[in-house]
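In the text below, chain A, chain B and the rest are named by the order of the sequence lines, each starting its count at 1.
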Amino acid sequence: MKKFVWFFTLVVTFALVLSACGGTAATTEPAAPPTEPPVEATEVPAVPTEPPAAPAEPFRVAVVMPSAINDLAFSQSMYDALVRVQEEMGGPSAFEFVYSDGMFVVDDAAAAIRDYASQGYDLVIAHGSQYGSSLQEIAPDFPDTSFAWGTTVDTFGLPNVFAYEAASHEGGYVNGVLAATLSTSKVVGVVGPIETGDAKLYVDGFKAGVAATDSTVQVNVNYIGSFSDVALASEAATTHIAAGADVMTGTAQMVVGAIGKAEEANVLWFGTQSNQTSLAPSIVVASQVYHWEVVLNEMIGLIKSGTLGGQSFVANLANGGEVMEYNPDYPLSADAKSLADETIQGIIDGSIEITLP
Amino acid sequence: MISDLFSVTVLIGILASGIRLATPYLYAAVGETFSQRSGVLNLGVEGQMLLGAFAAFYVALTTGNLWLGMLAAMIVGAVMGLAMAYVTVNLQAQQGISGIGFYLFGLGMSDLLFQKLMGTVETVKGFPRIYIPGLSDIPVLGEIFFNHNLLVYLAYLLVPVAWFVLNKTTLGLKIRAVGENPDAADSLGVNVARVRYFTIILGGTLSGIAGASLSIALLNVFQQNMTSGQGFIAVALVYFGAWRPVGVLGGALLFSMVNSLQLWMQVKNVPIPPDIAVMLPYVLTILVLVVTVSRVRAPSALTKPFEREE
């Protein structure tokens, strides 16, 4: 019997280890994560033609994210931004980053955050509002490390915590304006995860955009109660289509199933968080894409000058933290495009005010 | 408005959605019925589904052949079942805990492979809807029942087949005997270990197909943790269905229909908060469980390892 217990323990341990590996790049050894970001492997040209004023030490960032870096949504938006910051700063010699993704278990994420902090990263990013209370506990233990937490505006009054969020209602509004313009059935469907935070902000902005453009268009909203249930999201999309929707949008990583249903029924789709065109090139009209590098660059600048936190940042259309990306393969009419451009301009200069419920 | 819910469109929508949503539950729960009837609780269904979903998707994506994808899902599910059988039958490990171990293995492994082999969310052309001349054209009924893909039909076909095997064949008799009284079965010459190996591997294979039904038939994508707890609901449905395939069918349909009803309630702006709406199928399942389970008896040897007395 003893042997069985021993073997069984081994199996469970093995399973746990593997599941941990799958979900996260590294918790104990972030320097060499098993799912290392490809950018780190990129060779720096041996003899750069114009060597940048190479800092002796690269700026080091660690990030903890709830879903996969390739979710075409929330986590990917941060990963892509880090890659762009790295390119701008001149490659891994000037800026290096590691990540733990798939950290939907908050306790695991907290352990990872603490690990990264104790390894002397210059900036540790907790990319998920659910990590807030963990960060509030951890940050005071590492006064020389800078932390960033999003999406939120709350820095807990701590001198080494930055907060960041996206004004997702702005791109949502633009998407809504276009959706109302393009809908001929006058019914628009929205697939949301849980009615809170970034998702709620986006959906409310979208509804406001539709209402401001054409008050006869009906917006049906469906929150499926999950960030991961692809099957239910897909069925929610089918439901919208059966209810007459000819334009849809949705937010969070489980919408990939919904986009498939939209494509099957030839219903238009508006994306958010990341560019979702690749999933269904024939029906994705536009995506609001988060460009966190705007926020990251500000933080990095402050950290380099000695300010480790205490401020909050918003990525929005005005500062380029949110960008409307259009699908080049979708034949968007010039009128609609210029309406979108006017709307963006109006939001930026304040002539359009988005009233949220 | 509530009155908006009573229309033909909504009725068709709810029933057709419910039929589709029930498909993965049916495969997984019928498979689990077999293993539980032989006395083994397999909580690893969710992990088997995830790995099956990934295997089917990846093979279909790389080879372009859906049937190879199905085969891959079945093999992966069967191998997971084989491992589960070794741990629970030979090593006599505690079944609930080892099942959770296999679940975590499947969750982590499918995610790891997804990131390593694919890198991003992609789509495949899955099993198409089958147009049945005549039947698909019937108004209302055609839309509800005859507008689905092959794996949906096979799932419903599985129920009578499973009923027949369990109740009308020698194999079924052996399975039930092993689950009720393994000592007696053993003394009559039934190989308890072999029967349990068979049912657990069969359960794993069907869970693999359940995953494939999501990734290459109903959704045609693979996403990290995409089953989102469906494997555990499937285990609950076995209790719900009182260890009978027909009962499992009833449970799967009820759960799925209520789920599609709540989707429609939100779309039709029925004034209840979405958080309450999404709870409905779960609340209802628990209520029915409470009412029914007290009246039915689980297989006597369920979760009990069999140790042969020499």
Side-chain angles (χ1 to χ4, degrees), chain A residues 1 3-5 7-8 11-23 34-35 38 67-72 76 101-102 104 189 192 194-195 218 220-226 228-232 234-236 238-240 242-245 253-254 256-257 259-261 263 278-280, chain B residues 9-10 12-14 16-17 20-21 24 47 83 87 90-94 97-98 100-116 118-123 214 218-221 223-230 259-260 263-264 266-269 273-275 277-279:
Chain A
M1 197 60 204
K3 194 178 78 181
F4 304 148
V5 172
F7 177 85
F8 175 64
V11 168
V12 170
T13 314
F14 180 62
L16 281 168
V17 167
L18 260 172
S19 91
C21 288
T35 52
S67 46
I69 57 157
N70 49 16
D71 66 355
L72 283 177
Q76 179 157 0
D101 64 347
F104 47 86
I194 294 171
E195 194 177 10
Q218 190 190 342
N220 294 327
V221 182
N222 213 323
Y223 286 105
I224 65 157
S226 162
S228 57
D229 199 332
V230 183
L232 199 56
S234 141
E235 213 53 53
T238 309
T239 305
H240 281 307
Q253 57 270 24
M254 80 298 161
V256 291
I259 298 175
K261 293 298 151 202
E263 189 180 28
S278 67
L279 277 174
Chain B
T9 320
V10 175
I12 292 173
I14 290 175
S17 282
R20 275 192 302 270
L21 282 172
V87 170
N90 292 60
L91 306 183
Q92 305 188 354
Q94 211 280 337
I97 306 290
S98 46
I100 288 174
F102 280 104
Y103 154 58
L104 290 171
F105 172 81
L107 172 67
M109 197 64 179
S110 60
D111 189 21
L112 183 69
L113 291 172
F114 167 56
Q115 299 207 10
K116 283 290 170 196
M118 288 169 52
T120 189
V121 182
E122 293 183 58
T123 53
L214 289 170
L218 291 167
L219 310 175
N220 306 328
V221 292
Q223 172 77 297
Q224 171 197 46
N225 191 25
M226 70 184 279
T227 53
S228 186
Q230 293 187 5
N259 223 345
S260 53
L263 290 176
W264 274 99
Q266 291 194 49
V267 165
K268 288 292 172 186
N269 299 310
D275 310 292
V278 296
M279 278 196 317

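- Neither the backbone nor the side chain of A/Glu263 comes within less than 4.5 Å of any heavy atom of chain B.
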Where do A/Gln218 and B/Asn269 land on the side chain to side chain contact (heavy atoms under 4.5 Å, CB included) test, with the steps shown first?
-> CA-CA 11 Å; A/Gln218 190 190 342; B/Asn269 299 310; 3.6 Å; yes
Passes side chain to side chain contact (heavy atoms under 4.5 Å, CB included), B/Leu263 versus A/Thr238? Steps please.
-> CA-CA 10 Å; B/Leu263 290 176; A/Thr238 309; over 6 Å; no
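- Judged purely by atom type and a 3.5 angstrom limit, B/Gln266 uses its side chain to pair as donor or acceptor with the backbone of A/Tyr223.
- Judged purely by atom type and a 3.5 angstrom limit, A/Asp229 has no side-chain atom pairing as donor or acceptor with the backbone of B/Ser228.
- With rounding to the nearest 0.5 Å, the separation of CG in B/Asp111 from OG in A/Ser67 is 10.0 Å.
- Interface residue A/Val256: backbone and side-chain heavy atoms are both found under 4.5 Å from chain B.
- Taking every heavy atom of both residues into account, A/Glu235 and B/Ser17 meet most closely at OE2-OG, 2.8 Å.
- For chain B, the option among A/Ile259, A/Ile194, A/Leu72 with the highest count of heavy-atom pairs below 4.5 Å is A/Leu72.
- Interface remark: A/Ser226 contributes side-chain atoms only to the contact with chain B (heavy atom separation under 4.5 Å).
- Between B/Thr120 and the options A/Asn70, A/Ile69, A/Asp71, a side-chain contact (heavy atoms from CB on, under 4.5 Å) holds for only A/Asn70.
- Of the listed residues (B/Thr9, B/Asp275, B/Asn259), the greatest number of heavy-atom pairs within a distance under 4.5 Å of chain A belongs to B/Asn259.
- A/Ala68 approaches B/Gln224 most closely through the heavy-atom pair N-OE1, 3.2 Å.
- When heavy atoms are compared at a cutoff of 4.5 Å, A/Ser228 approaches chain B by way of both its backbone and its side chain.
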